Each structure stands twice: as C-alpha cells, then as structure tokens.
Amino acid sequence: MTKKKKHLAILGSTGSIGQNTLEVVRTFRDRFEITGLAAGGNTGLLAEQVAEFKPELAAVESEAKARDLRKKLGRRKIRILYGDEGYREVATSRRTDLVVSAITGIAGLKPTLAALEKGKDVALANKESMVVAGALIRKAAARSGSRVIPVDSEHSGIFQCLRGQNKKFIRKIYLTASGGPFFRVPLSELTGKSLAEALKHPRWKMGRKVTIDSATLMNKGLELIEARWLFNLQPWQLGVMIHPQSIVHALVEFQDGSVLAQLSQTDMRIPIQYALSYPERWPTPLPSLNLTEIRDLEFYPVEEQRYPLFGLATRALKAGLSFPVVLNAANEVAVQAFLEESISFGQIYDVVNYCVSRHRPRALRSLEEILLVDSETREQAHKYLKSKGNMT
Ligand SMILES: NC(=O)c1ccc[n+]([C@@H]2O[C@H](COP(=O)([O-])OP(=O)(O)OC[C@H]3O[C@@H](n4cnc5c(N)ncnc54)[C@H](OP(=O)(O)O)[C@@H]3O)[C@@H](O)[C@H]2O)c1
C-alpha cells in the first residue's frame, strides 16, 4: 500500500463515470487529492463536488456556466475556468498525476490529448477519443512516457488478463456485451422501440448516450476500435460475444489454447478503482462475486441483423483511416436526435449508414484533420436529417 497521495483531475465529474470515480475516492479518502473537476453544464452538482473535494480548479462549458458556478460557490477559493482552454488547464495542471477522462463523445478528445502530451497518466473512459484518434493518442503517450489505463470494464478486463503476458502469444481477444434491452425482442419490433425502452439497460446504469449505444450495440463496435488502439492489435484478433449476465467482461485466448477471462460484479466502481490504484490492488467494500448464486453464464454470437450498427462499426474497424471518425460523428448526431425524440430508433442506423457509405476514406495525420472530418460529417448528418424532415 502506497502512502503517497495521488493527485487526480476528473473530466466529466458530474456524469455516471465521474460520480462513480468520486465514490471510489470517498472510499479511499486518504489516498487521493482532487486537483481539478470539469463538467459540462450541471453546475449544481459540480458545486456540491467542489465543496466536498476542494479542488484548486473547476471548468465548465461556457462563460455563463462559469458565472453560475461562481455564484453557487460564493467566495470559496478556487479558479473557475470554461471552454476548451478551461478543460485543457484542468487536464494539464502541474500537480495532477492522473486524469480521469470521462467526458462523453469527441468533446473529450482535446483535453485527453493535452493531458498525455503533458506527461499525465490518463484513466480512459472516453472511448470516442480512442476511436477517432487512437494513433495520435498512442504517439502522445509514447512521446511523453505517460500511460493510458482503461476504465471501460471490457478493456480493464483485457488489461488485467494481459498483465505479465507476452502479446505475441495472443490468438484472439473477446469483449463481451450484455446485448442491451433488445437482445430478445422480435426483429420486426426493433425499429419502433421508444426512447424510454432503449434507456432501460438490463445490467448497467450509465449516461444516456452510452446507454443508447448499448441498445444498438454501436457501443461494442466503438469498444472494438478502442481495443485495437489500446492494445495495438489487428482487427482480426478481436471479437465480441453476447453475455447477458455481464459477469465475464473479457476473454483472452492464447495460441496454446488457454483462455484467461476477467470476471467481476457488474459495477463500474471495480474497473474504476483498478485504474486509480494501478499497479496496486486495494480491498473493495463491494460484496464478493458469488458464482454459485449466479450459476448460469451464457454466451451467444452477435446476430448482425439485430444490430446493424455493429456491422457498420466492424467495417470501420477493418477499413481504418478516416472511417472511424465518420462512424463516430454520424452516430453522435443520430443518437442526440434520438435522445431528443426527433428520429426513431431504426433511423439511428439510417443516419450513420448514409454518412459511412458516402465517405471516401483518407489518412488523417493531425488533430486538425480529424476535427475537420468530424465537423464535415456532422454537417452531412444534419443535412440528411433535415432532408427527411426530422430537423429544422
Ligand atoms: N457510464 C458507464 O458505465 C461507462 C462505462 C464505460 C465507458 N463509459 C464512457 O465514459 C464516458 C462518459 O460516460 P458517462 O456514462 O459517464 O456519461 P454521462 O453520465 O452522460 O456524463 C458525461 C459527462 O461529460 C460531461 N459532458 C458531456 N458533454 C460535454 C461537453 N460537450 N463538454 C464538456 N463536458 C461534457 C457531462 O457534464 P454535465 O452533465 O455537467 O453537462 C458529464 O460530466 C463516455 O465516453 C462513455 O462511453 C461509460
């Protein structure tokens, strides 16, 4: 057990991962100091977090939100920042050792890259960053010597199974997926599923965007691309199995036929704690996993007809280049439209397919090039929605 406190900055502290991270910090209060907290617009919750954890920096999405936060915090001594520059400062502040990257979507990319460039270790939940800029992130980490420690439960599982292993002996790595709320729904009923039904995830309690991505299985597609970059694997070395119990998070098959799997309770505090304590393991207050109570662990292949967005994601994984950027941007626009109830569940696929099938792939070498393809795709997706009468 280490005595030295870890200095932690959390990007996305008001979200599901952010709040679970603070829950872990509460459990191990004497091992952490919070240096910075960043959120989008939820200044109410952020103000409570600031009062409890006393960071020196806080950042929000806009100047108006910064004023609002200042009003809520009164004369408390803290620097309040906003926008890209604010997030960058929180991610790179001098005293920070580890940055938890848990903003949703491509909005998390710039501060994540900035943290790595500055030599900070990153506990990565924001998979979209890895999907659109995996090569840049790897390069930034290699250049500064910083580490990317996965938070996503499946990637944490792989990371743990690979500790002490030689990667040249890997045959295949499987990520598991719960299958989401529509795993057993008749195919004919899928396209009309409502927002409320899609938000009812059977196993995990998560933010709204990732919950919808889990219902379409796009989440698993994004995770395959994330795994490709995190572990430097070839697309054919990666696979997915549906595992409705969400107890086995990942399996690594080696060339000699041995398979190592990582199992745990379905609770994000476990992989988050591992990312925060790494390379140590600390005693969790959560109950032990009782397999004699659970008994059944089932595994099924992915039915692509049920999850056509997963099919698009695996195409993007194999094609590489700018495809994953287009996939992610179109998906972010489509999921947002579904969350606003301006398109149906089935139309999420239509939007992403429209953008991906029209895209002429190109190599992307810089953050600017990535952000350009991202914004071109968003514009194209919005135009498509407008042409279908779904947006004004
Ligand atoms: N939840 C999970 O169990 C889970 C598991 C594995 C991976 N992940 C990944 O972790 C990330 C976060 O997921 P989540 O479930 O925690 O999401 P969430 O509950 O929706 O929280 C998102 C966080 O990001 C902030 N945010 C959103 N858009 C922003 C923007 N444009 N600029 C700045 N801040 C912004 C939100 O701030 P406000 O609320 O203050 O606006 C909030 O703090 C996602 O990439 C997700 O795929 C999540």
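Note that ligands are numbered from 1 as they come in the structure, with each ligand's atoms numbered from 1 the same way. Keep in mind that what you see is a predicted model, and the values were worked out from it rather than measured.
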*Could you name the protein residues that come within less than 4.0 Å of ligand 1, counting only heavy atoms, and order them by chain and residue number?*
Gly12, Ser13, Thr14, Gly15, Ser16, Ile17, Ala39, Gly40, Gly41, Asn42, Tyr87, Ala102, Ile103, Thr104, Ala107, Ala125, Asn126, Lys127, Glu128, Asp152, Met206, Gly207, Val210, Met268

*Heavy atoms from other residues, nucleotides or ligands near CZ of Phe323 exceed 12 (cutoff 6.0 Å)*: yes

_Under 6.0 Å from the ring centre and within 45 degrees of the ring axis: does the NZ or CZ of Arg31 meet both conditions for the six-membered ring of Trp282?_
yes

*Working for side-chain hydrogen bond (donor to acceptor under 3.5 Å, both in side chains), residues Asp68 and Thr43*: CA-CA 7 Å; Asp68 186 32; Thr43 53; 2.6 Å; yes

*How does the hydrophobic cluster around Leu289 look, that is, which other residues are in it when side-chain heavy atoms under 4.5 Å mark a link?*
Tyr174, Met241, Ile247, Val248, Leu251, Val259, Leu263, Leu291, Ile294, Leu297, Phe299

*Pick one: which of His243, His201, Gln245, Arg203 meets side chain to side chain donor-acceptor pair (under 3.5 Å) with Ser178?*
His201

*With ring centroids as reference points, do Phe183 and Tyr300 lie under 6.0 angstrom apart?*
yes

